[in-house]
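Data first, discussion second: the structure below is written as structure tokens.
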Number of protein chains: 2
Amino acid sequence: MVSIADVARDAGVSSSTVSYVLSGKRSISSETQRRVEASIHRLGYHPHAGARALASSRTSVLALIMPLRTDIDVPVLMGFVNSVVTTARNYDYDVLLLTNDEGPAGLRRVADSAMADALLLMDVEDEDSRVPVLQSLSCPGVLIGLPNDPGDLSCVDLDFSAAAKRCVRHLADLGHEQVALIGPSPVVYERGTSFAGRFLRGFTSAARERGLHATSQACLPSYEGVRDCLDRILTEQPRLTGLVVHNEAVLDPLLSELHSRDMRIPEDISVVAVTPDEMAANRSVPLTTVSLPSEDIGRIAVEMTMRELQGVRSPEVRLLSPRLTPARSTAQRH
Amino acid sequence: MVSIADVARDAGVSSSTVSYVLSGKRSISSETQRRVEASIHRLGYHPHAGARALASSRTSVLALIMPLRTDIDVPVLMGFVNSVVTTARNYDYDVLLLTNDEGPAGLRRVADSAMADALLLMDVEDEDSRVPVLQSLSCPGVLIGLPNDPGDLSCVDLDFSAAAKRCVRHLADLGHEQVALIGPSPVVYERGTSFAGRFLRGFTSAARERGLHATSQACLPSYEGVRDCLDRILTEQPRLTGLVVHNEAVLDPLLSELHSRDMRIPEDISVVAVTPDEMAANRSVPLTTVSLPSEDIGRIAVEMTMRELQGVRSPEVRLLSPRLTPARSTAQRH
DNA sequence: TTGAAAGCGGTACCAA
DNA sequence: TTGGTACCGCTTTCAA
């Protein structure tokens, strides 16, 4: 292994000089600088991460805690992960990926053993037991999602309440009076997943505000689930003309089910969905969507973390404004 | 921060004794053992990862290198990641997640700076430039996938060649004589992605072996892509009765396109697909599938790594046998 | 069965 | 502008 001492010897300087060349924390004559850099390059020197962490109390690692669920939207999750890792590298950070199956104790383990400089949590619940633990830790934490009480933690997420309102108003503006929400799986609601509740409340309140008749149903991610869900909705609202879908996994089954019930889109029923941009275009019908910008959210989460790590303590709840892109799946009510 | 010295003081022993209690590398009187463990628990002690890495030259971290692509099967990728992380934790390892956008230099950086004890690569290409680099590194590497020349690296993957043969023989056994393969995106072939070529060769060779008329087409993951692909295939084989689909992303579009062309499954055409188990059931038609066991593959990759880390140097290419599950989408040719 | 102490490879303070 | 060195927290050898 090439150590800093090897570089120092090769360049004919002391090891502290090498260290300072690397960190830029004191001025170096350009001649020395050049020689040291040449030696570093020639020897292929990479500072030992553990030694550096020990001496500096900084790891240049972010810990990302990922849900280990099957009921979750995989492409969205992957979008977060990708964008967190990519953005972190732009700041010279690496990412340690943890699953949630150690629970709050996992957070403590990682922080207390100084494996990371900060923790990012995904899949936040309304009353998330990890939140108080995270606050008690010495290292910064940032949430992707919004719990009931974020305390002094920074959060970033799509403004799901505003997103739901945007969907409802879009349908209302098109003259629809009977609308329904197809939501995530029942389990997602049951465990108090933050975004699901916020969307539902936004939906309900916007519908009331515009005087629409509105119902909502959780929906299992299967063809059968979609059929049941539609049955229940249509029983209650036989004259339904507008659907808001907050469940990426059921979109294909839903479109196919509507087709086989001879409910034409948009002539008989308008559909607006929440989904990542990449997935919106490629459907049997081009969908009007509110986009779920997982890339942006991941990037912002890292940027917030970086600010905290630079000592700027300004906890912030950042809810991104929804953007609705109209397409053929929504139209004026006939 | 609670250090080993704090624990030692609290328990009235030396810090080396604490270390040995933790590692179990020498015998300890049960009384001492008890006191030390009590102190550890009471103080909430976690060894400093960096210090430990520095002193022991072991990090208890695996580096997992992930492709940063949009043309890849996200659920499969996520299956690998999940199972690698989960299995690693069972061995008391954590996982550092890297993207491939640093290229081979990224591998060198991680290994040389001693951030991980071993590297796992995903999305391996036939002639993968990372493979020689990985071999030149001091730390073990395991491939998820199979390059043309794995050298002395261990590899694990589904036996895609056998999987293709399994599909073809299934159709042949049902009396089909005109079969076609719908493969991944053209780019996947172009960059020499290992599994795509192996599947294609297996398909061709099994078809020849059974005297079937067979063609194959790469397929863009969109409705339009599927239409084009079907057009090309049916032009060449108007009497096609069997389809093998090796492209998870186009399954829904394909089923819907076949439906709108009035090609009934399985009366007019039989369909067999390669896809993760979780995804097979929930289609408009229950699909006959060869399953892509991403969980198993990830787990085995970690187990191989663990063996290498314990000094057992027995490079091994492990290709998992395909398992075909018949369902309604394939039937005797009419 | 246990303790003392020499590193591991950096960082950053104190001197020069 | 640079060098010397104490120290970060742990592992492991050597001695008792």
Side-chain angles (χ1 to χ4, degrees), chain A residues 1-37 39-40 43-61 92 109-117 138-139, chain B residues 1-37 39-40 43-61 92 109-117 138-139:
Chain A
M1 203 227 152
V2 184
S3 79
I4 198 170
D6 299 322
V7 175
R9 198 172 317 112
D10 188 81
V13 298
S14 74
S15 64
S16 54
T17 296
V18 176
S19 174
Y20 283 118
V21 166
L22 251 22
S23 69
K25 287 188 180 170
R26 80 178 178 192
S27 54
I28 304 280
S29 75
S30 57
E31 165 58 12
T32 303
Q33 170 110 11
R34 209 189 42 67
R35 283 217 319 284
V36 169
E37 276 165 357
S39 296
I40 288 176
L43 302 180
Y45 168 70
H46 291 274
H48 188 290
R52 184 171 256 187
L54 180 56
S56 67
S57 304
R58 295 194 41 240
T59 61
S60 292
V61 168
D92 268 307
R109 181 177 68 83
V110 171
D112 287 356
S113 58
M115 301 180 59
D117 297 333
S138 47
C139 77
Chain B
M1 204 225 153
V2 183
S3 79
I4 199 172
D6 298 324
V7 175
R9 198 173 314 114
D10 187 80
V13 298
S14 74
S15 63
S16 53
T17 296
V18 176
S19 175
Y20 282 117
V21 167
L22 251 20
S23 69
K25 287 187 181 171
R26 81 180 179 193
S27 55
I28 304 281
S29 75
S30 58
E31 165 59 12
T32 303
Q33 171 112 10
R34 209 190 42 67
R35 283 216 318 283
V36 169
E37 277 165 357
S39 296
I40 287 176
L43 302 180
Y45 169 68
H46 291 274
H48 188 288
R52 182 169 257 188
L54 180 56
S56 67
S57 306
R58 294 192 43 239
T59 61
S60 291
V61 168
D92 269 310
R109 179 177 70 85
V110 171
D112 288 355
S113 59
M115 302 180 58
D117 297 333
S138 47
C139 77

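Throughout, protein chains are lettered first and strands after them, A, B, ... in sequence-line order, and every chain is numbered starting at 1.
- A pairwise comparison of heavy atoms in A:Ile4 and A:Ser19 identifies CD1-N, 3.7 Å as the closest pair.
- Looking at every heavy atom in both residues, A:Gly12 comes nearest to A:Arg35 through O-NH2, 3.8 Å.
- Heavy atoms of B:Thr32 sit under 4.0 angstrom from primed sugar atoms or phosphate atoms, though from no base atom.
- When all heavy atoms are compared, the tightest approach of B:Met115 to B:Arg109 is SD-NH1, 4.0 Å.
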Check the pair A:Arg26 / A:Thr17 against side-chain contact (heavy atoms from CB on, under 4.5 Å), numbers first and verdict last. CA-CA 9 Å; A:Arg26 80 178 178 192; A:Thr17 296; 4.3 Å; yes
Stepwise side-chain contact (heavy atoms from CB on, under 4.5 Å) check, B:Asp10 with B:Tyr45: CA-CA 11 Å; B:Asp10 187 80; B:Tyr45 169 68; over 6 Å; no
Nucleotide-resolved protein contact map, nucleotides 9-16 of chain C, B/S/- at heavy-atom distance under 4.0 Å: BBSBBB--
If you apply the rule side-chain contact (heavy atoms from CB on, under 4.5 Å), what do you find for B:Arg52 with B:His48, and how did you get there? CA-CA 6 Å; B:Arg52 182 169 257 188; B:His48 188 288; over 6 Å; no
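- Counting 5' to 3', DNA chain D first comes under 4.0 angstrom of a heavy atom of chain A and last does so at the ends given by D:dT1 to D:dG9.
- Without hydrogens or angle criteria, B:Asp117 side chain to B:Arg58 main chain gives no donor-acceptor distance under 3.5 Å.
- Residues B:Leu43 and B:Val7 meet the side-chain proximity criterion, which asks for heavy atoms closer than 4.5 Å.
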